[in-house]
Amino acid sequence: MLEAENLHKTYRLGEVEVHAVQDVSLKIEAGEFVAIMGPSGSGKSTLLYLLGFLDTPDGGTIRLFGEEVTSLGEGRLAFLRNRVVGFVFQQFNLLARTSALENVSLPLLYSGESARVNEELPRELLEKVGLGGRMDHRSNELSGGEQQRVAIARALVNRPQIILADEPTGNLDSGSQDEVMGLLKKLHEEGMTIVIVTHEESVARYASRIISIHDGRITSDETRGGKSAEPLPPDRHAPSRITRKKRYTLQEFREHLRQAFRMILSNRVRSFLSMLGVLIGVGCVIAMLALGRGARESITAQLSRMGSNLLSVRTGSQRVHGVALEAGSVTRLTLEDARAIKESIGVVSKTAPQVRGQGQLVRGNRNWNTRIEGTTPDYSSMRNQVPVMGRFFTAEENQSRQRVAVIGQTVMKELFGEENPVGQTIKVNRINFQVIGVLPTFGSSAFHDRDDRVIIPLMTAMRRVLGKDYIRQIDVEVKDINDMEYAQEEIESLIKRRHRLAENQDDSFNIRNYAEIQEVLSGTTKTFSLLLGSVAAISLIVGGIGIMNVMLVSVTERTREIGLRKAVGATPRDILTQFLVEAVAITFLGGTAGIVLGASVSWLLSRIAGWNTVIGSSSILLAFSFSVTVGILFGMWPAQKAARLNPIIALRYE
């Protein structure tokens, strides 16, 4: 079954070289019960680990079923440890806070055959070793003898070809020693090949062959009374499984998840502190993106009310000796200017001339001073200011100078309270007007309340209320946004010709391009959102560093556990996956709590501060994905560190 030829193994302890195994050659036949004896430090345990593929020799070869396995990679050797060899250790090496049944089932997790991952065989083996009534007890609730019997059941669960036991009775009393050795003897009689390392004669007498070793060399090899048992039939995969690839199962992933949550629950405070960084980071991402998106939507709504493809022609002022004169003191726009712009410039679709002034509103015993605007019916569609109640005035009402008014939300609140104002009469500068509509809410800008105004027909405002024969500005709607620059140049040239202005008199009037304003504001909101998101991302990165620190500590604390998992067949990939799953589990929980926190903060900002916040599914997905990515990135190094651990060094770690 096993053949070793000229094995050498040397350890370096500081400046000193220790020759643990020197020029050892031996053969172990199927069905033998072999005891390897020697004093402490003689190299017997090192030899056992070499034969069990837990360690690799510095020189020499090992053959399994006649095939050379010395040069196999860690993944292949792990597969052999899982399916060919069953280990029993002096320290038992059971998983803490884990039941006897789960400990026995552990090698099945790494067998790669999901059909075999069930509880029937582990239960049968625990019954066989006399622990049928203790299956659900944790390892720390069992006696030393019971723990060793659990370890033997674990070694048998994958039906190995050989049991390797390293001082299996070293930590047991005499009664437990006899129980364990009797169990191993019974397994041998059933055909199991057993190799045991011991320094006690009372244990070695159970074996039919005793190999003595001293200073890393075999000093004697003798066969005592008794015959080797009839060996178990060879495993049908024995010749091929050395090169067979492992299949990963859903059961293995579930076990990784279970182990991850067990680790989190067993270290609640540390796990919570690790999650805290991710929780705050994700909460910040959600809240900041909600705030940024809310601000962007508010600005977008405001921009839509300004209108699209708009140019605004406004009167300018002249400076005399450094003093700015009144707007319109040089150039006063007229209704004829508005008509000329619409009729002579082909790319223009609509114009809306406007006048403004202040006025006193009175209704019953209530009065209110507000801004009065006079304009044409096209203003409503150009500025997206369709009344939410009632209607806007018509062209006929404008031409006939009808006394109708559309009021803002603030005016409605001050004059009418909760009443419906449509159809009601108010006085504007002592002139009766009928309210025919109410404008939508626009909010405030700096110290200006954009809902505090009354809009009346342009001709009514100029002839009956404000007494003006000129207009303050002309809003111009261009058919295609690509023609905005051309339209602006044409309007500028037209106004200069009509008012006989010199080419250098640019301060006589100005043209405001709302498309450019929208572009600037949109870019500003994007920058604002990016800035807020970056601040939140920094919080997530800090949280990731905390997770990395915790995982590094966890690797150190669980070094022996890692060694055990590798001894029962875990590959480096298995260990890497396990620790990555644990890191992602922490970030998953932290991210979930962070989403709730971020949503709560956004709601509070909206309710208390009055800020517009919008939480989108994309924000949640982004924050959650980023948190999981942080878990993977910052968990990778600790996971790789765990995966690279030498199994025998890990098992001996104190």
Side-chain angles (χ1 to χ4, degrees), residues 52 78-89 91-165 168 176 179-180 182-184 186-188 190-194 232 235-237 241 246-262 560-571 574-575 578:
F79 195 73
L80 294 181
R81 291 194 294 268
N82 180 257
R83 302 299 297 276
V84 177
V85 179
F87 280 101
V88 181
F89 301 98
Q91 303 294 337
F92 319 135
N93 287 334
L94 301 181
L95 293 179
R97 302 178 294 275
T98 305
S99 69
L101 185 63
E102 289 175 308
N103 270 287
V104 174
S105 303
L106 184 61
L108 291 175
L109 174 65
Y110 304 114
S111 66
E113 297 187 17
S114 57
R116 298 185 61 190
V117 182
N118 57 73
E119 294 185 356
E120 292 306 315
L121 182 57
R123 288 181 182 277
E124 290 176 9
L125 289 172
L126 284 171
E127 293 278 0
K128 185 175 182 178
V129 299
L131 294 176
R134 308 279 281 173
M135 293 184 186
D136 296 324
H137 285 67
R138 295 185 178 185
S139 55
N140 59 346
E141 299 171 341
L142 303 175
S143 67
E146 289 173 332
Q147 290 187 59
Q148 195 60 286
R149 280 186 277 168
V150 171
I152 292 173
R154 181 183 63 198
L156 296 171
V157 74
N158 266 335
R159 299 183 178 90
Q161 297 293 303
I162 185 170
I163 294 290
L164 302 181
S176 299
E179 289 179 4
V180 169
L183 181 58
L184 290 175
K186 184 178 179 181
L187 291 172
H188 172 246
E190 293 174 357
M192 180 66 65
T193 305
I194 296 176
L232 293 171
D235 188 285
R236 58 192 176 94
H237 299 306
R241 65 182 163 201
K246 175 183 174 179
R247 296 196 300 270
Y248 288 87
T249 65
L250 182 61
Q251 174 71 20
E252 184 172 351
F253 180 73
R254 286 201 204 102
E255 178 62 23
H256 289 324
L257 276 180
R258 187 161 48 244
Q259 291 289 336
F261 285 108
R262 179 178 293 150
R560 287 178 65 88
E561 177 193 329
I562 295 168
L564 168 64
R565 290 181 179 274
K566 288 196 168 188
V568 298
T571 64
D574 294 323
I575 302 298
Q578 176 185 341

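Atom-to-atom distance recorded for L156:CG and E190:CD is 9.0 Å, nearest 0.5 angstrom. Once rounded to the nearest 0.5 Å, the distance linking CG of L126 with OG of S105 reads 8.0 Å. The distance from the CG atom of L183 to the CD atom of E179 is 9.5 Å, given to the nearest 0.5 Å. Taking CG of L125 as the start and CZ of R149 as the end, the distance is 14.0 Å to the nearest 0.5 Å. Between L142 atom CG and F92 atom CZ the span is 10.0 Å, to the nearest 0.5 Å. Separation of atoms CG (L94) and CD (Q147) is listed at 5.5 Å; rounding is to 0.5 Å.
When each of I162, N158, L80 is tested with V85 by the rule side chain to side chain contact (heavy atoms under 4.5 Å, CB included), just one qualifies, namely I162.
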Residue pair Q91, R560: steps toward the side chain to side chain contact (heavy atoms under 4.5 Å, CB included) verdict: CA-CA 11 Å; Q91 303 294 337; R560 287 178 65 88; 3.5 Å; yes

Verdict with reasoning, Q578 to I562, per side chain to side chain contact (heavy atoms under 4.5 Å, CB included): CA-CA 10 Å; Q578 176 185 341; I562 295 168; over 6 Å; no

Please assess L121 against V157 for the test side chain to side chain contact (heavy atoms under 4.5 Å, CB included), listing each intermediate value before the final yes or no. CA-CA 7 Å; L121 182 57; V157 74; 4.2 Å; yes

Can you list the steps and then say if M135 with E127 is a side chain to side chain contact (heavy atoms under 4.5 Å, CB included)? CA-CA 9 Å; M135 293 184 186; E127 293 278 0; 3.7 Å; yes

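Taking both residues in full, the closest heavy atoms of A78 and T571 are given as CB-CG2, 3.8 Å, listed atom of the first, atom of the second, then distance. Taking all atoms of both residues into account, the shortest heavy-atom contact from L184 to P168 is CD1-CG, 4.4 Å. P160 and V84 make their closest contact through CB-O, 3.3 Å (heavy atoms, listed as atom of the first residue, atom of the second, distance). Nearest heavy atoms, N82 versus P107: ND2-O, 2.8 Å. Across all their heavy atoms, G52 and L164 have their closest contact at CA-CD1, 3.3 Å. Scanning both residues, L564 and F89, for their nearest heavy atoms gives CD1-CE1, 4.4 Å.
Counting only heavy atoms from C-beta outward, the side chains of V129 and V150 never approach each other to under 4.5 Å. For the pair Y110/V568, a side-chain contact is recorded, criterion being any heavy-atom separation below 4.5 Å from C-beta on.
Contact check on E561 versus R565 returns a salt bridge, with a Lys/Arg side-chain nitrogen under 4.0 Å from an Asp/Glu carboxylate oxygen.
Residues that satisfy the side-chain contact (heavy atoms from CB on, under 4.5 Å) test with T98, not counting sequence neighbours, are L95, E102, N103, R262.
Residue pairs meeting the salt bridge (charged side-chain N to carboxylate O under 4.0 Å, His left out) criterion with at least one member in residues 131-143, sequence neighbours excluded: R134-E146.
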